[in-house]
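Below is one structure, written out as structure tokens; comments come after it.
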Amino acid sequence: MNWDSLYLVVVLSVALYKWIRFYRTLSEIKSEVESIIKTGRKMVEEKTVPEPQEFSKKIDMLKELYNKLGAQITESKTKLEYALLTAREIQNDLQSLTTWLDGLGTNIGKQTLELEMSRMEAIKDKLNGNYVEFAKNCDPVYLEKLKEQIDTINSRWTHLKKHGLVKRGNDIDVLQKYLSDIEQELDSPSTMSPAKLKVLSNEVRAKAQDVEALDNKTLSKLWEKIIDKITAATLSENAVVVGYENVTDTIKRRLESPVNTPETEKPEFKRSKIPLALKSPSTDTERD
């Protein structure tokens, strides 16, 4: 049962009940108001009141106020009854569509699924149409949860139409294990080479459609997390390579241009400060 749409039905039912009580009160005082107006008119005609014209204006204002209030009550009744009817339809359609979507089995053929969707599409369209009409006369505060639920229905419908039915259980477990294994590898930089990082990046990005088709929030977050780690690792690797190339280029230029160089910067002095075996980032890569 959809408690948010049910809540709207209850709220509207209570509002309609209050309207009935207010209408009854207005009906009960109708005869009294009419009597006051009638007596006032007579007093004006007989001129038994001071300033008859002013008194007549007050009688007219009383009558106008009562009629205006009656018109507002009638209009409110029409709106409340329509809103209550619409809310009940929304509740029923939400429940029908949710039950139908949850009950779809993975063994349904493509043709059968299309027939089922064409049958349920009228209910989905009516649900969205009723929501638009309902929202016109409803406080936005009461619409947040309801809109979220209708958006969920529309999202599931669009996903079903685009991807069809998938064997969610096994596929999610397999893909989640695959991504978890890759995450463990990324968390061990000592075994990660640039070439391997590039291969993993291509593999994980190729799984984007599979992740989207399974429509699982946990799986999507894990995939995004791994993409972020790969991006960070790639940027770090590029920074190391650029830094290494800058250092070696500086050393090469200094060795080739000893003229006008301070004594401490001349090659014979500089060589003693250069590591005997300057490792390139590609060395570890080749070993891996």
Side-chain angles (χ1 to χ4, degrees), residues 98 101-102 104-111 113-114 117 147-256 273-288:
T98 302
L101 287 167
D102 290 342
L104 288 173
T106 56
N107 57 342
I108 295 179
K110 182 179 179 182
Q111 203 168 26
L113 178 62
E114 289 176 352
M117 290 188 75
K147 185 178 186 304
E148 184 180 331
Q149 290 174 356
I150 292 176
D151 286 346
T152 299
I153 290 291
N154 289 330
S155 177
R156 293 181 67 181
W157 181 277
T158 302
H159 182 272
L160 186 63
K161 191 173 183 179
K162 183 178 180 181
H163 301 290
L165 291 166
V166 293
K167 297 179 180 179
R168 296 175 56 82
N170 292 337
D171 287 353
I172 289 175
D173 292 340
V174 171
L175 191 51
Q176 190 164 19
K177 184 178 185 307
Y178 167 79
L179 292 175
S180 296
D181 290 343
I182 287 183
E183 186 177 24
Q184 288 182 0
E185 289 190 61
L186 291 170
D187 290 338
S188 303
S190 59
T191 61
M192 188 61 59
S193 66
K196 189 174 183 180
L197 186 62
K198 186 176 181 180
V199 170
L200 290 180
S201 176
N202 292 336
E203 286 184 3
V204 174
R205 294 180 192 280
K207 296 291 183 182
Q209 290 185 349
D210 295 337
V211 173
E212 182 185 358
L214 290 170
D215 193 25
N216 181 275
K217 288 184 179 179
T218 303
L219 196 63
S220 297
K221 287 182 179 179
L222 178 59
W223 184 85
E224 291 171 359
K225 181 181 177 183
I226 291 172
I227 287 295
D228 289 342
K229 285 190 175 184
I230 288 174
T231 302
T234 302
L235 291 173
S236 177
E237 185 67 35
N238 290 340
V240 170
V241 172
V242 170
Y244 170 78
E245 290 176 350
N246 289 340
V247 169
T248 53
D249 184 60
T250 300
I251 293 172
K252 183 178 178 181
R253 281 188 285 105
R254 287 181 177 178
L255 289 174
E256 291 175 351
K273 296 182 181 180
I274 300 174
L276 295 177
L278 189 62
K279 293 183 180 180
S280 165
S282 60
T283 305
D284 293 336
T285 302
E286 293 172 359
R287 290 179 181 176
D288 287 340

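Just so it is clear, the model here is predicted, and its values are computed rather than measured. All values below were derived from every heavy atom in this structure, side-chain atoms included, with hydrogens, water molecules and symmetry-related copies excluded.
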By side chain to side chain donor-acceptor pair (under 3.5 Å), Glu185 pairs with (sequence neighbours left out) Lys196
Here the gap from Lys198 atom NZ to Glu203 atom CD, rounded to the nearest 0.5 Å, amounts to 13.5 Å
One should read off an interatomic distance between Lys147 NZ and Thr152 OG1, to the nearest 0.5 angstrom, of 10.0 Å
task: Using a 4.5 Å cut-off on heavy atoms from C-beta on, say whether the side chain of Thr218 contacts that of Gln176.
output: yes
- Item | Step-by-step side chain to side chain contact (heavy atoms under 4.5 Å, CB included) determination, Glu224 to Val211 | CA-CA 10 Å; Glu224 291 171 359; Val211 173; over 6 Å; no
When rounded to the nearest 0.5 Å, the distance separating OG of Ser201 from CD1 of Ile226 is 11.5 Å
Taken to the nearest 0.5 Å, the spacing of Ile150 CD1 from Ser155 OG works out to 13.5 Å
Scanning both residues in full, the closest heavy-atom pair of Trp223 with Arg205 reads CZ2-CA, 4.2 Å
Point to revise | Leu160 vs Leu113, side chain to side chain contact (heavy atoms under 4.5 Å, CB included): CA-CA, chis, key distance, verdict | key: CA-CA 9 Å; Leu160 186 63; Leu113 178 62; 4.1 Å; yes
Check whether any side-chain heavy atom of Asp102 lies under 4.5 Å from a side-chain heavy atom of Arg156, and answer yes or no. yes
Rounding to 0.5 Å, atoms CD1 (Ile230) and CG (Leu186) come to a distance of 5.5 Å
Rounded to the nearest 0.5 angstrom, the CG-OG1 distance for Leu197 and Thr234 is 4.0 Å
Taken in chain and number order and not counting sequence neighbours, the residues that satisfy side chain to side chain donor-acceptor pair (under 3.5 Å) with Lys229 are Glu183, Asp187
Could you tell me whether Lys177 and Asp173 have a side-chain N and a carboxylate O separated by less than 4.0 Å?
no
Between Leu222 and the options Ile227, Asn216, Leu179, the side chain to side chain contact (heavy atoms under 4.5 Å, CB included) test singles out Leu179
